Protein chains: 2
Amino acid sequence: MPDQKHCPDTHDRILDVAERLFMANGYEGTSMRMITSEAEVNLAAVNYHFGSKEALMREVFRRRLLWLNRERIVLLDALEAAAAGAPLKPSQVLEAFFGTLLRMGEDPALGGMVFLRLLGRTLTEPADFIRTFFAGEYAEVVERYKHALFRALPDVPQEEILWRFHFMLGSMSYALAGTDVLEIVTGYEPGDAMATDPAAARRLSARVMPFLLAGLRAPLPAPLASLSSSSAASGDSCDAPSGASSRVTPSHA
Amino acid sequence: MPDQKHCPDTHDRILDVAERLFMANGYEGTSMRMITSEAEVNLAAVNYHFGSKEALMREVFRRRLLWLNRERIVLLDALEAAAAGAPLKPSQVLEAFFGTLLRMGEDPALGGMVFLRLLGRTLTEPADFIRTFFAGEYAEVVERYKHALFRALPDVPQEEILWRFHFMLGSMSYALAGTDVLEIVTGYEPGDAMATDPAAARRLSARVMPFLLAGLRAPLPAPLASLSSSSAASGDSCDAPSGASSRVTPSHA
DNA sequence: GCGCAAATCAAACGTTCGTTTGAATCCTAA
DNA sequence: TTAGGATTCAAACGAACGTTTGATTTGCGC
């Protein structure tokens with residue numbers, strides 16, 4: 001039986017190579033033979049050490065999410081302890097949740113940008129076993145941060161906060177995945193540059209955090225803005241505040 | 001040789017089924033046999049009518065993007081003509097770009113939510129041929145809307161606008177894909193409910209457009225906020241305005 | 001009714017997939 | 001030194017993949 005002492009060489013080299021190949025080619029686009037040949041191990045090594053390809057995929061994430069989840073909980077605990085019962089600021093919650101993530105990208109020992117891009121891509125992966133696995137891994141953390149956001153934005157309906165949490169996850173995972181039409185059209189190759197550069201995470205962080213915070217605190221959509229003064233209200237009025245503002249003629253109805 | 005008269009039954013039924021299965025299982029997760037058996041056509045029909053699986057995937061998108069691209073250009077033309085040389089408002093640009101997309105989700109004849117979810121998932125698909133195909137299909141439209149945003153936000157650095165365009169695409173595609181950790185944890189099945197409900201697009205639109213607009217007009221990140229009064233400045237100051245605000249102790253450095 | 005191209009069909013092509021097997025090594029504790 | 005479990009290895013497994021073939025059927029102009 002395996003899993004008693006485990007050889008550090010083969011075991012970890014498989015994980016590292018699989019992480020990088022899953023990032024570059026996706027789960028279904030990466031074969032066992034690609035992994036084992038690049039890791040210079042025998043084809044049977046994956047099944048010996050991990051049991052199956054699916055289990056390998058889960059282990060690739062498990063070793064990273066272990067740190068990420070704990071870090072996120074520890075930071076939230078610290079913030080809430082320091083607040084002594086008072087609600088946190090939205091920026092504090094976002095910094096703890098997304099800042100922790102982006103910090104992984106700066107440290108190759110935590111997976112670096114390779115893992116971050118893999119995570120971004122995998123969050124929209126259709127495979128069932130991946131989604132149920134993620135749901136289990138994320139359940140506790142999401143629950144904690146949901147309620148932290150509820151308390152941080154008491155005037156915004158909770159359902160609205162959930163939508164915006166959803167949108168923020170999208171911005172982040174998409175930006176991390178780095179496979180964007182804009183990048184291709186604008187014309188630089190994200191695969192090599194961003195995947196290996198730890199400074200990419202810092203650059204991204206400076207750009208995306210203000211975007212997320214502003215989105216989270218956006219004015220409420222028109223049909224809901226009636227009652228509730230809402231701490232999310234923006235004083236700026238240089239532009240129409242919400243959807244359905246200017247109707248433009250659609251063709252091909 | 002094919003492509004002279006084309007039988008409407010088989011040809012279109014393959015496209016419709018492929019669209020739905022690619023949406024549900026992804027490109028690599030959908031086999032020719034799944035498509036042909038569900039469409040009740042012979043296995044060879046796909047290669048006869050489209051040439052290959054890749055060409056089928058491209059055609060699934062081409063017939064939808066044809067409408068989407070033209071509609072987006074027409075709307076932008078109309079807006080700019082009405083503005084008579086003046087810059088558009090950011091909300092107008094977003095409404096034309098993303099509103100047009102969401103309108104597809106309300107109309108099953110344009111693909112409905114099935115196509116929107118497929119589009120959302122595919123934008124982060126790693127396969128090379130998909131990305132290069134999208135780049136070609138989107139090139140003109142992205143270029144036009146890029147410059148419309150540049151003009152709409154003259155005080156925001158163009159590089160910053162591109163980043164935020166990127167983030168907005170992420171929010172949208174992620175929200176459309178509908179495979180979210182939040183949804184799974186919060187616990188409802190997106191596959192059946194959202195995929196067939198045209199009203200889902202309208203609900204999503206009301207939620208996401210204010211989020212996107214606020215993000216687009218967020219205050220600039222700290223190291224860049226020095227000069228430029230920026231039409232993106234928000235009057236609200238109930239919270240720290242940008243990233244790197246409160247530093248929180250990270251562990252496991 | 002005939003002729004011919006378009007379309008459909010069953011069957012098989014060669015390849016690659018994830019996984020399993022059983023023997024050959026390696027390493028360590030007795 | 002020697003057992004014995006841990007690990008590696010070459011080889012093969014059946015299944016599923018996308019694609020191709022060649023015969024058959026269909027539909028329409030003549």
Side-chain angles (χ1 to χ4, degrees), chain A residues 1-61 122 125-130 132-133, chain B residues 1-61 122 125-130 132-133:
Chain A
M1 278 95 178
D3 276 39
Q4 192 156 353
K5 213 53 179 301
H6 83 67
C7 160
D9 261 344
T10 300
H11 185 273
D12 292 350
R13 202 160 62 246
I14 289 176
L15 283 179
D16 292 338
V17 169
E19 186 174 55
R20 182 160 38 83
L21 292 184
F22 284 148
M23 180 272 287
N25 310 112
Y27 175 75
E28 312 238 35
T30 303
S31 70
M32 307 278 279
R33 286 166 178 82
M34 292 167 63
I35 297 172
T36 53
S37 72
E38 188 144 333
E40 295 177 299
V41 302
N42 189 271
L43 172 60
V46 171
N47 285 283
Y48 174 76
H49 283 281
F50 301 97
S52 70
K53 188 187 177 185
E54 288 195 5
L56 169 63
M57 178 74 159
R58 278 190 290 264
E59 184 58 25
V60 164
F61 279 99
T122 310
E125 194 99 10
D128 262 354
F129 86 95
I130 295 178
T132 60
F133 168 72
Chain B
M1 277 95 174
D3 278 37
Q4 192 156 351
K5 212 55 178 299
H6 83 66
C7 160
D9 259 345
T10 300
H11 184 273
D12 292 351
R13 201 160 62 245
I14 289 175
L15 282 179
D16 292 338
V17 169
E19 186 174 55
R20 182 160 38 83
L21 291 184
F22 284 149
M23 179 271 288
N25 311 112
Y27 175 75
E28 311 237 36
T30 303
S31 71
M32 308 279 276
R33 285 167 177 83
M34 292 167 65
I35 297 172
T36 53
S37 72
E38 188 143 333
E40 294 177 300
V41 301
N42 189 270
L43 172 59
V46 171
N47 286 283
Y48 174 77
H49 283 279
F50 302 97
S52 69
K53 187 187 177 184
E54 288 195 5
L56 169 63
M57 179 72 158
R58 277 190 291 263
E59 184 59 25
V60 164
F61 279 98
T122 310
E125 195 98 10
D128 263 353
F129 87 95
I130 295 178
T132 61
F133 167 74

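All values derive from a computational prediction rather than experimental measurement. So that the names make sense, note that chain A is the first sequence line, chain B the second, and so on, each numbered from 1.
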Q: Within the distance-only criterion (no hydrogens, no angle test), does the side chain of B:Lys53 pair as donor or acceptor with the backbone N or O of B:Tyr27 below 3.5 angstrom?
A: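 Indeed, once roles are kept as given, a pair shorter than 3.5 Å links the two residues.
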Q: In this structure, is the centre-to-centre distance between the rings of A:Phe22 and A:Phe61 below 6.0 Å?
A: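 No.
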Q: Would you indicate, yes or no, if C:dT8 has its OP1 or OP2 atom less than 4.0 angstrom from a side-chain nitrogen or oxygen of B:His49?
A: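 Answer yes for this pair, as a side-chain N or O of B:His49 is under 4.0 Å from OP1 or OP2.
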Q: Can you check the A:Ile35 CD1 to C:dC17 C1' distance for me, whole Å?
A: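 From A:Ile35 CD1 to C:dC17 C1': 12 Å.
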Q: Check the distance between C:dC17's P and B:Arg33's CZ and give it to me in whole angstrom.
A: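 In whole Å, C:dC17 P and B:Arg33 CZ are 16 Å from each other.
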Q: Rounded to the nearest angstrom, tell me the gap between atom CE in B:Met32 and atom P in D:dA15.
A: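 Rounding to the nearest Å, CE of B:Met32 and P of D:dA15 are 22 Å apart.
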Q: Considering residues, nucleotides and ligands other than A:Glu40, do more than 12 of their heavy atoms fall under 6.0 Å from its CD?
A: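 Count not over threshold, so no.
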Q: Distance check needed: C:dG22 C1' versus A:Asn47 CG, whole Å only.
A: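 Roughly 15 Å, once rounded to whole Å.
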Q: Please report the shortest heavy-atom distance between B:Ala18 and B:Leu56, naming the atom on each side.
A: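 Heavy atoms of B:Ala18 and B:Leu56 come nearest at CB-CD2, 3.9 Å.
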Q: Measure the distance from CD on B:Glu28 to P on C:dC17 and round it to the nearest whole Å.
A: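 After rounding, the gap between these two atoms is 11 Å.
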Q: Can you find a side chain N or O atom of B:Ser31 that sits less than 4.0 Å from OP1 or OP2 on D:dA16?
A: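 Result: no.
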Q: Would you indicate what A:Thr30 reaches in the nucleic acid, counting non-hydrogen atoms under 4.0 angstrom: base, sugar-phosphate, or nothing?
A: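 Sugar-phosphate contact only - A:Thr30 comes under 4.0 Å of backbone atoms but never of a base.
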Q: Between atom CG in A:Asn42 and atom C1' in D:dC9, what is the gap in whole Å?
A: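 So the two atoms are 5 Å apart, to the nearest Å.
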Q: Quick check: on DNA chain D, is the nucleotide nearest A:Val41 upstream (toward 5') of the one nearest B:Val46, or the reverse? Name the residue that is more 5'.
A: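 Its nearest nucleotide being more 5', the pick is A:Val41.
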Q: Give, for atom CD1 of B:Ile35 and atom CG of B:Leu43, the distance between the pair rounded to the nearest 0.5 Å.
A: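 Nearest 0.5 Å value for the CD1-CG distance: 10.0 Å.
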Q: Starting at CZ of B:Phe50 and ending at P of D:dG18, how long is that distance when rounded to a whole Å?
A: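 From B:Phe50 CZ to D:dG18 P: 15 Å.
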Q: Measure OH/A:Tyr48 against P/C:dG22 and give the value in whole Å, please.
A: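 It works out to 17 Å between those atoms.
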Q: Tell me which of B:Glu40 and A:Glu54 sits closer to the 5' end of DNA chain C, going by the nucleotide each one is nearest to.
A: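 Looking at DNA chain C, the more 5' nearest nucleotide goes with B:Glu40.
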Q: Whether A:Thr10 contacts D:dT7 is assessed here as follows: a side-chain N or O lying under 4.0 Å from the phosphate OP1 or OP2. Is that the case?
A: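 Answer is no, no contact under 4.0 Å.
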Q: For the side chain of B:Ala44, counting heavy atoms from C-beta on, which of C:dA10, C:dT21, C:dT19 is nearest?
A: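 Minimum distance to the B:Ala44 side chain belongs to C:dA10.
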